[in-house]
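Notes follow once the structure below has been shown.
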Amino acid sequence: MADQPQIYELNNGTVVVTITNYGCTITSLSVPDKNGKLADVVLGFDTVEPYVKGASPYFGCIVGRVANRIKNGKFTLNGTEYTLPINKPPNSLHGGFKGFDKRIWEVAEYKKGDKPSITFKYRSSDGEEGYPSDVSVTATYTLTSTMTMKLDMEAVPENKATPINLAQHTYWNLAGHNSGNILDHTIQIWASEMTPVDENTVPTGEIKPIKGTPFDFTAEKKVGLQVHEVGLGYDRNYVLGSGEEKLGLKRAAKLKDPSSSRVLNLWTNAPGMQFYTGNHVNGVVGKGGAVYNKHAGLCLETQGFPNAINQPNFPSVVVQPGSKYQHTMLFEFSVE
């Protein structure tokens with residue numbers, strides 16, 4: 001068992017990914033452009049130290065036990081009220097002060113070859129950050145084909161029901177992590193509705209059509225086109241529709257950088273996706289001394305809906321003991 005944070009590489013000869021067992025965090029991901037030139041397309045740091053020291057605004061990690069916000073850090077389950085750390089006042093965010101992103105995971109399996117993969121596991125204890133039940137968690141990253149990466153996340157509560165909602169929090173910049181901002185990227189999101197929020201970014205419980213609003217990405221659109229009409233930038237949960245399916249997953253988003261022609265198509269089995277344009281990134285010194293500022297990257301966090309534990313009309317995030325939470329993401333890279 002690795003008690004120290006280390007960095008592991010997956011390399012299939014085309015795509016190279018580095019991942020640390022600290023928070024199951026993707027630290028770099030290099031893919032070719034239209035001329036075959038590799039660039040690292042995720043924000044992050046060269047070593048594990050800045051992550052461990054808390055310099056990272058959730059770059060590349062898996063967040064949990066419950067991703068996103070829980071209103072006032074409170075919920076009631078089976079008659080018991082649970083109180084969580086208020087690490088983003090007045091709410092609890094991404095699992096609390098020491099969520100899954102700040103834990104050292106064990107490397108359970110590490111395979112080389114043409115479909116390289118790595119499996120991390122973590123056991124979250126009953127009462128950790130206020131949540132009920134011991135939970136066994138695994139996350140497996142696999143390069144399934146030349147230009148495709150798959151992430152499988154699973155979690156099984158051992159003795160009590162608990163909310164579980166894991167999300168992968170990578171910040172993408174398909175022009176290269178050090179290329180500036182993502183406002184010239186285009187994005188299409190397979191969602192016709194989103195969950196509006198209150199003044200503390202917690203969903204109100206409504207599910208609202210986005211047609212004709214700046215939040216509408218049903219057709220491919222430049223990220224920066226209407227970004228100034230939505231406050232600091234985009235930070236909303238989209239209700240993923242019933243688009244085309246592949247391997248039991250539905251299409252969530254298509255992101256494209258016009259300068260390099262790199263494309264990312266994202267598929268998932270989750271009901272929602274947080275689209276976040278890095279609004280709070282400010283002067284973070286990252287890989288190779290690159291300085292990341294506002295909109296340096298964007299996040300496509302497939303997830304259960306934020307604060308679903310307190311919203312009966314949202315899809316439930318409660319997992320019963322012995323049942324299995326399963327969340328798969330497929331990242332398909334291409335050029336066009």
Side-chain angles (χ1 to χ4, degrees), residues 10 12 14-15 17 19 24 26 29 31 41-42 60-64 66-68 100 111 114-120 137-156 164-172 174 186-195 207 210 217-220 236-256 262-276 298-306 308 314-317 319 323-336:
L10 301 180
N12 64 3
T14 306
V15 175
V17 190
I19 307 165
C24 276
I26 296 173
L29 194 155
V31 291
V41 297
V42 304
C61 58
I62 289 180
V63 292
V66 175
N68 220 299
F100 291 2
K111 293 184 194 161
D114 60 344
K115 290 190 180 178
S117 70
I118 189 163
T119 299
F120 299 100
V137 191
T138 63
T140 302
Y141 292 94
T142 310
L143 296 182
T144 50
S145 66
T146 320
M147 294 273 278
T148 305
M149 179 178 74
K150 186 157 87 113
L151 169 59
D152 290 296
M153 294 173 270
E154 296 190 345
V156 179
I164 300 176
N165 182 17
L166 306 183
Q168 217 298 341
H169 209 296
T170 290
Y171 289 70
W172 301 96
L174 296 182
T186 61
I187 191 167
Q188 185 173 1
I189 299 174
W190 273 258
S192 55
E193 298 171 312
M194 58 104 172
T195 52
I207 291 175
I210 51 180
F217 290 95
T218 49
E220 199 170 306
R236 282 292 187 286
N237 171 61
Y238 281 73
V239 178
L240 296 175
S242 46
E244 51 184 311
E245 288 212 351
K246 171 183 291 197
L247 305 169
L249 306 177
K250 55 191 174 185
R251 201 158 183 188
K254 176 188 178 181
L255 182 65
K256 182 178 179 182
R262 286 189 191 90
V263 174
L264 166 58
N265 276 289
L266 175 60
W267 304 73
T268 187
N269 64 347
M273 183 184 78
Q274 194 81 9
F275 173 47
Y276 172 56
L298 61 78
C299 303
L300 305 170
E301 307 159 58
T302 65
Q303 61 180 2
F305 296 0
F314 284 1
S316 175
V317 291
V319 185
S323 294
K324 187 182 280 187
Y325 164 92
Q326 284 178 304
H327 179 183
T328 297
M329 302 174 79
L330 193 67
F331 305 88
E332 278 189 319
F333 299 96
S334 57
V335 289
E336 65 174 44

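All figures in this text were calculated on a predicted structure; none of them were measured in a lab. FYI, side chains are in, hydrogens and waters are out, and symmetry mates aren't considered; it's all heavy atoms of this structure.
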Original post:
Run the side-chain contact (heavy atoms from CB on, under 4.5 Å) check on R236 and I210 step by step: do they pass?
Top reply: CA-CA 11 Å; R236 282 292 187 286; I210 51 180; over 6 Å; no
Original post:
For V63, does its backbone N or O pair with a side-chain atom of H169 as donor and acceptor, under 3.5 Å?
Top reply: no
Original post:
Any donor and acceptor pair, going by atom type alone, linking the side chain of R251 with main-chain N or O of W190 inside 3.5 Å?
Top reply: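 Checked: no pair found.
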Closest approach of [X] and [Y], non-hydrogen atoms and distance?
X: L240; Y: A270; answer: CD1-O, 3.6 Å
X: K250; Y: G241; answer: CD-O, 3.3 Å
X: G304; Y: V317; answer: CA-CG1, 4.2 Å
X: A252; Y: M273; answer: CB-SD, 4.1 Å
X: S145; Y: N12; answer: O-ND2, 3.1 Å
X: E301; Y: A167; answer: CB-CB, 4.3 Å

**OP:** Determine the sole option in N269, T328, T144, L330 for which the side chain to side chain contact (heavy atoms under 4.5 Å, CB included) test with L247 is passed.
**Re:** L330
Subject >> T148, T146, V263 screened by side chain to side chain contact (heavy atoms under 4.5 Å, CB included) with S334, the one that passes >> reply: V263
Is the shortest heavy-atom distance from the side chain of [X] to the side chain of [Y] under 4.5 Å?
X: W172; Y: V42; result: yes
X: I207; Y: F305; result: yes
X: W267; Y: K150; result: no
X: V41; Y: L264; result: no
X: M329; Y: M153; result: yes
X: Y141; Y: V17; result: no
X: L29; Y: F331; result: no
X: Q274; Y: P306; result: yes

Subject >> Candidate pair Y171 and L298, rule side-chain contact (heavy atoms from CB on, under 4.5 Å), full reasoning >> reply: CA-CA 5 Å; Y171 289 70; L298 61 78; over 6 Å; no
Nearest 0.5 Å, what's the [atom1]-[atom2] distance between [X] and [Y]?
X: F217; Y: F275; atom1: CZ; atom2: CZ; result: 4.5 Å
X: L249; Y: H327; atom1: CG; atom2: NE2; result: 9.0 Å
X: I19; Y: C61; atom1: CD1; atom2: SG; result: 13.0 Å
X: E154; Y: I164; atom1: CD; atom2: CD1; result: 11.0 Å
X: I62; Y: F100; atom1: CD1; atom2: CZ; result: 10.0 Å
X: L143; Y: T14; atom1: CG; atom2: OG1; result: 9.5 Å

**OP:** Please step through side-chain contact (heavy atoms from CB on, under 4.5 Å) for the pair L166 and V137, ending with a clear verdict.
**Re:** CA-CA 10 Å; L166 306 183; V137 191; 3.8 Å; yes
Subject >> Criterion side chain to side chain donor-acceptor pair (under 3.5 Å) against Q303, the qualifying member of N237, T268, N165 >> reply: N237
Original post:
Any chance NZ of K254 has more than 12 other-residue heavy atoms, nucleotides or ligands included, within less than 6.0 Å?
Top reply: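 Yes - once you tally the heavy atoms of other residues, nucleotides and ligands closer than 6.0 Å, there are more than 12.
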Subject >> CA sep, side-chain torsions, deciding dist, call: Q168, T302, side-chain contact (heavy atoms from CB on, under 4.5 Å) >> reply: CA-CA 7 Å; Q168 217 298 341; T302 65; over 6 Å; no
